[in-house]
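Just so you know, these numbers use all the heavy atoms, side chains as well, and skip hydrogens, waters and symmetry mates.
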Amino acid sequence: MKYFLPEEELIEYAKPYLKAKGFKKKNKRWTKDIGEFTLCFYIQGSCYAKEDYYIRPGIYINALLPTNLGYGHFMTQIEQTTPEEIMQKFEQWCKEWTNKTLIKERLLAFIEWEERNPLEKRRAKLVDYKNDPVPAEEFFMIDTKTKPYILDNF
């Protein structure tokens with residue numbers, strides 16, 4: 001059974017927690033510029049049910065701003081658990097996705113994976129994700145400027 005954490009409860013926990021860490025809040029989005037990156041913690045309501053929502057952290061590469069990307073150059077989704085676990089997962093994810101060496105390593109592994117599993121193969125459902133898992137799903141969402149920037153600058 002999926003854990004249900006009311007959106008209001010997460011927001012009430014996140015407000016002082018993220019403020020104490022230097023995040024600025026606008027609506028249900030908190031951001032913090034940390035130099036080369038901007039961290040984003042976003043709570044998105046569902047268009048299907050009023051009580052449903054998504055927890056969508058993102059990270060922007062500041063050198064590539066402005067962008068039309070909604071959540072960041074890298075984004076993920078965090079499952080609903082407890083507010084403490086959500087913040088712990090958010091902080092760990094941000095730590096990983098602001099590590100330039102790790103980002104480049106993951107991008108190179110993703111490029112190799114993508115060469116083995118081009119879009120046509122993925123659309124035809126011919127990819128065995130169990131035996132050949134995606135090294136970093138975050139790269140599915142990036143725009144065309146991000147990969148070259150990482151390869152040249154990280």
[X] side-chain N/O to [Y] backbone N/O, donor-acceptor pair under 3.5 Å:
X      : Y      : answer
Lys121 : Arg116 : yes
Asn62  : Gly35  : yes
Asp132 : Asp128 : no
Tyr60  : Cys40  : no
Lys24  : Lys32  : no
Arg122 : Asn117 : yes

Quiz item: Passes salt bridge (Lys or Arg N to Asp or Glu O under 4.0 Å), Lys100 versus Glu36? Steps please.
Solution: CA-CA 10 Å; Lys100 292 168 68 172; Glu36 291 186 85; 2.8 Å; yes
Is the shortest heavy-atom distance from the side chain of [X] to the side chain of [Y] under 4.5 Å?
X      : Y      : value
Phe41  : Ile86  : yes
Phe139 : Ile111 : no
Ile103 : Thr98  : no

Quiz item: Would you call the rings of Phe140 and Phe110 parallel, tilted or perpendicular if under 30° counts as parallel and over 60° as perpendicular?
Solution: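 The rings of Phe140 and Phe110 stand perpendicular, inter-plane angle above 60°.
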Exercise. Anything under 30° is parallel, anything over 60° is perpendicular, the rest tilted; go ahead and classify Phe74 against Trp97.
Key: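 Ring orientation of Phe74 relative to Trp97: tilted.
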Working to the nearest 0.5 angstrom, can you tell me the gap between [X] [atom1] and [Y] [atom2]?
X      : Y      : atom1 : atom2 : value
Glu112 : Leu107 : CD    : CG    : 10.5 Å
Phe154 : Thr101 : CZ    : OG1   : 9.5 Å
Met87  : Ile55  : CE    : CD1   : 7.5 Å
Tyr71  : Gln77  : OH    : CD    : 9.0 Å

Self-check item: Over 12 non-hydrogen atoms of neighbours within 6.0 angstrom of NZ in Lys25
Solution: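 More than 12 within 6.0 Å, yes.
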Self-check item: Atom NZ of Lys145: over 12 foreign heavy atoms under 6.0 Å
Solution: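 No - once you tally the heavy atoms of other residues, nucleotides and ligands closer than 6.0 Å, there are 12 at most.
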Self-check item: Single-linkage hydrophobic cluster Phe23~Phe37, side-chain heavy atoms < 4.5 angstrom
Solution: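 Linked within one cluster.
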Quiz item: Should Ile34 and Ile61 be counted in the same cluster of Ile, Leu, Val, Met, Phe, Trp and Tyr side chains packed under 4.5 Å apart?
Solution: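 Same cluster: Ile34 reaches Ile61 through Ile, Leu, Val, Met, Phe, Trp or Tyr contacts under 4.5 Å.
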Practice problem: Let me see the working for Glu96 and Gln92 under side-chain hydrogen bond (donor to acceptor under 3.5 Å, both in side chains), right down to the final yes or no. | Solution: CA-CA 6 Å; Glu96 290 176 18; Gln92 179 61 38; 3.0 Å; yes
Quiz item: Would Lys21 and Glu91 pass as an ion pair if we require N to O under 4.0 Å?
Solution: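 Yes, charged N to carboxylate O under 4.0 Å.
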